[in-house]
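These notes are about the structure you will find just below.
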Amino acid sequence: MVCEEELLIEKVCGLYQQISSLESLKPCKNVDMLFTQLVLTCIPPSPIDVTNLNKNVQEIRSHLIKLCGEAEGHLETHYSTLLGSYDNPLQNLHIFPYYSNYLKLGLLEFTILTQHCTHVPTKIAFVGSGPLPLTSIVLASNHLPSTTFHNYDMDPLANSNAMRLVSSHPDLSNRMLFHTSDILDVSNALKEYEVVYLAALVGMDKEGKNRIIDHLAKHMNPGAFLMLRSAHGARAFLYPVVEPCDLRGFEVLTVFHPTDEVINSVVIARKYPLPMHSLDQGLASKILPNKCSEIQAFNPLNHGNIIEELAIEEQL
């Protein structure tokens, strides 16, 4: 087992050296090949715990996640621009190489959401929607046909590209709204949403991610749901990890680790119905997961996924 982990780390570090030496991370044959190798290396289920890596490998992982984020941004911009040149962009989403993954992830997240949310949400916010807001598009088109989606991104060009994809659609042009804002500058509006999605690459390091989570805990409506994307095992070389203990002010309901080609883990949590002055005084830190039930099979998509149910007890 240790030998397998050492081989995995050695291969990831070798790919990091090659990727970090590239002049550009924009889509091209060499970039695509290296990132495909990286994903194929990290996607098989692995018992590796990235928190136990030595300092040097931790730094490499941190830099690699940022490189993955940059490359993903270039890839989405490239395909968003290409799709925007079509008369009917939404009918051609299949040209994006990872579109099928988004279909599976959308169904997975919708299935998990319906286990906890007893009504159809009227308003959902997606934080970090980017130039190719496939999660919002998939959910709005396939699963939530009456819900309005408010997409937040700091980049005005990303929002411009995203709007071009839905502007000609008679339905989604009315239900997909775009806001050019840093979510840390948004406060009152967050109370309007029954569900808030946080993209995997919003908050590239633990401090940044936790700062955003704490902001959402402060301003989201009590009882509203927070849906996050995390990573597990070797997939944590590709995306930041969100631990249940990071979700101060939220009741963690489900942590889901896919074992197929869907890379991101899914975490759903519910805002505690506590007055915010209590959270500000630090009482939220006393709300801790007190037990984790046995891992049980949960297979809504027949993908061999594993789910963990976390029971949270309020200890004030």
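The analysis underlying the following values was restricted to heavy atoms, covering all of them including side chains, and did not include hydrogens, waters or symmetry mates.
- Between N161 and L83 there is no side-chain heavy-atom pair separated by less than 4.5 Å.
- The pair R175-D171 meets the salt-bridge criterion, since a charged nitrogen lies less than 4.0 angstrom from a carboxylate oxygen.
- Side-chain rings of H94 and Y99 stay apart, their centers remaining 6.0 Å or farther from each other.
- Separation of atoms NE2 (H232) and CZ (F256) is listed at 12.0 Å; rounding is to 0.5 Å.
- Within a 6.0 Å sphere centred on CE of M204, other residues, nucleotides and ligands contribute more than 12 heavy atoms.
- S129 and D153 are not linked by any side-chain donor-acceptor pair at a separation below 3.5 angstrom, with hydrogens and angles left out of the test.
- A distance below 6.0 Å separates the ring centres of H150 and Y193.
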Inset, instruction - Mind running side-chain hydrogen bond (donor to acceptor under 3.5 Å, both in side chains) on E72 and Y239 for me, showing each step along the way? - result: CA-CA 11 Å; E72 190 170 311; Y239 290 101; 2.7 Å; yes
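- Within 6.0 Å of NZ on K26 lie no more than 12 heavy atoms contributed by other residues, nucleotides or ligands.
- Annotation: K11, atom NZ; neighbour count of heavy atoms from other residues, nucleotides and ligands within 6.0 Å does not exceed 12.
- Using cut-offs of 30° and 60° for the angle between ring planes, the H116 and F225 rings count as tilted.
- With respect to the salt-bridge test (charged N to carboxylate O, under 4.0 angstrom), the residues R229 and E109 qualify.
- Within a 6.0 Å radius of CD in E10, other residues, nucleotides and ligands contribute 12 heavy atoms or fewer.
- Shown here is D185, whose CG atom has more than 12 heavy atoms of other residues, nucleotides or ligands within 6.0 Å.
- Looking at L38 and L64, their side chains come closer than 4.5 Å, going by heavy atoms from C-beta outward.
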